[in-house]
Amino acid sequence: MSDPMMPLPAIEAEPTSVPPAVLLANHLKALKLPSFAREYEKVAFEAAQDRADYPRYLLRLCELERIDRERRMVERRIRMARFPHTKSFDTFDFAAQPSLNKALVLELARGEWIERQRNVIALGPSGTGKTHTALALGLAACQKGHSVAFTTAAALVHDLMEARDERRLRSLQKHLASVKLLILDELGYVPFTAVGGELLFEVLSQRYERGSTLITSNLPFDEWTSVFGSERLTGALLDRLTHHVHILEMNGDSFRLTSSRKRQKDKGEAK
Ligand code: ADP
Ligand code: MG
């Protein structure tokens, strides 16, 4: 082993007029190491001050590159997920929704259910935080390294019908089957046509035991037939979805309603 504190032996370089810093920048760009390129001078200065040897200097640069790369990948997964807004559990008031099993939700935020291809169904009336919870679980999944796609049930059915008309249904189905977590918000507000229901059923069947699906709905299971229009289809769908499922019951008051009532009350008292 050579002593890492020893200066590097001089290498007979090709005579060139290009300064080494320029060559280095080029190489690091080709190797896709932007944090190396950005930080190597500063880290070299710090390493010299701390009397860190060459391996430690390289280690620091590698760590910076990996941290930055992980951050960029999380950001990329968040962009790909197409969340309508970013919501997290930091801004979720569990006390306002006592029917929701907080321990289960926080466990789900760890993301292991996605590794085990489990599903989550959040049920409850409007304004009880279903979308907020779905967005926060989606964000947590992106942070844990899982690919996510967020859509509403109506938008997905619309996209599937459009893709079918434009003869690109297969590629959309392939994409939907490949994400680790598919979030389907607001199942139940709009009933589907027979074709729409079947296309959605196909997507969910293709994901069965291959990926996780999170569905939010204002309708209890026994009313899902009214959305799909077919008892047979709904039965088969629920059978697959609920085989490995965590149910989040959100039956409390509407957060919107409660907070606007509270605002009005506060205003009244302030008068
Ligand atoms: P749902 O999808 O069940 O209709 P949302 O998740 O859209 O309800 O919630 C409505 C609004 O209230 C959103 O802005 C959401 O962030 C907020 N909200 C709902 N529940 C809570 C809660 N427990 N804590 C903080 N904000 C909440
Ligand atoms: Mg909602």
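As the structure is a computational prediction, the values presented were derived from the model and not from experiment. Numbering starts at 1 and runs along the sequence shown. One-based numbering, in listed order, for ligands and for the atoms of each.
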Salt-bridge contact [X]-[Y] (side-chain N to carboxylate O under 4.0 Å):
X	Y	value
Glu63	Arg66	no
Arg71	Glu75	yes
Glu162	Arg168	yes
Asp68	Arg38	yes

Quiz item: About how many Å separate CG of Leu172 and CD of Glu166, when rounded to the nearest 0.5 Å?
Solution: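 One finds 10.5 Å between CD of Glu166 and CG of Leu172.
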Quick one: nearest non-hydrogen protein atom to [atom], plus distance?
atom	result
atom 11 (C) of ligand 1	Arg256 CG, 3.9 Å
atom 8 (O) of ligand 1	Gly129 N, 3.1 Å
atom 4 (O) of ligand 1	Gly127 N, 2.7 Å

Test your reading of the structure: does [X] have an N or O sitting under 3.5 Å from an N or O of ligand 1?
X	answer
Phe255	no
Thr133	no
Phe92	no
Lys130	yes

Exercise. Name the option, out of Lys87, His85, His132, that contains the heavy atom nearest to atom 14 (O) of ligand 1.
Key: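 Selected option, by shortest heavy-atom distance: Lys87.
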Quiz item: If hydrogens are left out, which of Asp93, Leu135, Thr131, Leu100 has an atom nearest to atom 2 (O) of ligand 1, that is, the closest non-hydrogen atom?
Solution: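 When every heavy atom of Asp93, Leu135, Thr131, Leu100 is considered, Thr131 comes closest to atom 2 (O) of ligand 1.
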Quiz item: Is it the case that Glu223 and Thr225 place a side-chain donor and acceptor less than 3.5 Å from each other?
Solution: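 Checked: Glu223/Thr225 side chains show no N/O donor-acceptor pair below 3.5 Å.
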Quiz item: Only one of Arg60, Arg72, Lys32 forms a salt bridge (charged side-chain N to carboxylate O under 4.0 Å, His left out) with Glu65, so which one is it?
Solution: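 When salt bridge (charged side-chain N to carboxylate O under 4.0 Å, His left out) is applied between Glu65 and each of Arg60, Arg72, Lys32, only Arg72 qualifies.
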Practice problem: With heavy atoms of Ser126 as the reference, note each atom of ligand 1 found under 4.0 Å away. | Solution: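 Within the 4.0 Å cut-off of Ser126, ligand 1 contributes 4 (O).
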Quiz prompt | Atoms of ligand 1 close to Thr128 [distance to a heavy atom under 4.0 angstrom, numbered from 1] | solution =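 Under 4.0 Å from Thr128, ligand 1 has these atoms: 1 (P), 3 (O), 8 (O).
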Quiz item: So which bit of Asp185 gets within less than 4.0 Å of ligand 1, heavy atoms only: side chain, backbone, both or neither?
Solution: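 Asp185 to ligand 1: no contact under 4.0 Å from either part.
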Quiz item: What is the ring orientation for Phe192 with Phe228, classed by angle as parallel under 30°, tilted 30 to 60°, or perpendicular over 60°?
Solution: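 Answer is perpendicular, since the angle exceeds 60°.
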Quiz item: Are there more than 12 heavy atoms of other residues, nucleotides or ligands under 6.0 Å from atom NE2 of His158?
Solution: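 It does not: His158 NE2 has 12 such atoms or fewer within range.
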Quiz item: Is the Mg ion (ligand 2) less than 2.8 Å from at least one N/O/S atom of Thr131?
Solution: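 Of the N, O and S atoms in Thr131, at least one lies under 2.8 Å from the Mg ion (ligand 2), which means yes.
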